[in-house]
Amino acid sequence: MEPVTALPTEIADRLKRTPDGLVPAVVQQHDTGEVLMLAWMDDEALHRTLTTGRATYWSRSRHEYWVKGETSGNPQQVKEVRLDCDGDTLLVKVDQVGVACHTGARTCFDQGLLEGGGPLGG
């Protein structure tokens, strides 16, 4: 993809990035609150997301940008993006078409409840 203009300073200045320049993005279905996935954004991915309305992320394994649904056919139309109080996590509210997870599941968080036998386990 061709580079686009920089993220506005008023947004960029609020972000607290990892040492490699990334911010985690929790992705949520806008109308149900269902948590779909976690992905990573740098300034460019966030800028593309905000200006196109298409969820764009940075792949840490492939070292490239990817637009959700471009190859899978399961796009995310972005409804809103929020920054948490610490400036170190994004909440991306989307309208998910089809499945969100690369495994073919609706959400990446459907692999079962973790129980440790303590207060959470009963």
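Nothing here was measured: the structure is a model prediction, and the numbers come from that model.
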### Spacing of Leu83 atom CG and Asp88 atom CG [to the nearest 0.5 Å]
8.0 Å
### Query
What do the steps show when you test Glu34 against Thr107 for side chain to side chain contact (heavy atoms under 4.5 Å, CB included), and what is the final call?
CA-CA 8 Å; Glu34 179 183 29; Thr107 170; 4.0 Å; yes
### Message
My understanding is that only residues two or more places apart in sequence, or in another chain, count here; which of them pass side chain to side chain contact (heavy atoms under 4.5 Å, CB included) with Val26?
### Response
Val35, Leu38, Thr89, Leu91
### Query
Atom CE in Met37, atom CZ in Arg106: separation rounded to 0.5 Å?
12.0 Å
### Query
Excluding sequence neighbours, so at least two apart, what forms side chain to side chain contact (heavy atoms under 4.5 Å, CB included) with Asp20?
Thr18, Leu22
### Task
Under the side chain to side chain donor-acceptor pair (under 3.5 Å) rule, collect the residues that match up with Gln28, sequence neighbours excluded.
none
## Note on the structure
Residues passing the side chain to side chain donor-acceptor pair (under 3.5 Å) test with Ser59, sequence neighbours excluded, are Ser61
### Summary
salt bridge (Lys or Arg N to Asp or Glu O under 4.0 Å) filter on Glu10, not counting sequence neighbours, yields none
### Message
Less than 4.5 Å apart, side chain to side chain, heavy atoms only: is that true for Lys79 and Asp31?
### Response
no
### Task
Please check if any side-chain donor atom of Gln76 sits under 3.5 Å from a side-chain acceptor atom of Gln96, or the reverse.
yes
### Task
Quick one: pull up CG in Leu46 and CH2 in Trp40 and give me the separation to the nearest 0.5 Å.
14.0 Å
### Query
Does Asp43 have any salt bridge (Lys or Arg N to Asp or Glu O under 4.0 Å) partners at least two apart in sequence or in another chain, and if so, which?
Arg17
### Query
Quick one: side chain to side chain contact (heavy atoms under 4.5 Å, CB included) partners of Asp13, sequence neighbours excluded?
Thr9
### Task
Supply the atom-to-atom distance Ile11 CD1 to His47 NE2, rounded to the nearest 0.5 angstrom.
8.5 Å
### Task
Please identify each residue that fulfils side chain to side chain donor-acceptor pair (under 3.5 Å) with Glu80, with sequence neighbours left out.
Arg82
### Task
Compare every heavy atom of Tyr57 with every heavy atom of Val27, then report the nearest pair and how far apart it is.
CG2-OH, 3.3 Å
### Message
Determine whether a donor-acceptor pair (N or O, by modelled atom type, separation under 3.5 Å) exists between the side chain of Lys93 and the backbone of Val78.
### Response
no
### Message
Keeping Thr56 on the side-chain end and Ala45 on the backbone end, is there a donor-acceptor pair under 3.5 Å?
### Response
no
### Task
Evaluate the side chain to side chain contact (heavy atoms under 4.5 Å, CB included) criterion for residues Leu90 and Met41: first the C-alpha distance (whole Å), next the side-chain angles of each, then the deciding distance (0.1 Å), finally the verdict.
CA-CA 9 Å; Leu90 296 163; Met41 291 184 170; 3.6 Å; yes
### Task
Enter the distance from His102:NE2 to Lys68:NZ here, rounded to the nearest 0.5 Å.
9.5 Å
#### Entry: side chain to side chain contact (heavy atoms under 4.5 Å, CB included) partners of Val99, counting only residues at least two apart
Asn74
### Query
Trp58: what forms a ring-ring contact (aromatic ring centres under 6.0 Å, His included) with it, not counting sequence neighbours?
Tyr65
### Task
Using a 4.5 Å cut-off on heavy atoms from C-beta on, say whether the side chain of Asp95 contacts that of Gln29.
yes
### Message
I want to check something: taking the side chain as every heavy atom from C-beta on, are Leu7 and Leu50 in contact at a cut-off of under 4.5 Å?
### Response
yes
### Query
What residues form a side chain to side chain donor-acceptor pair (under 3.5 Å) with Gln77, not counting sequence neighbours?
none
### Reported OG1-to-CG distance for the pair Thr103 and Asp110, which is rounded to 0.5 angstrom
6.0 Å
### Task
Please name all residues satisfying salt bridge (Lys or Arg N to Asp or Glu O under 4.0 Å) with Arg14, sequence neighbours left out, ordered by chain then number.
none
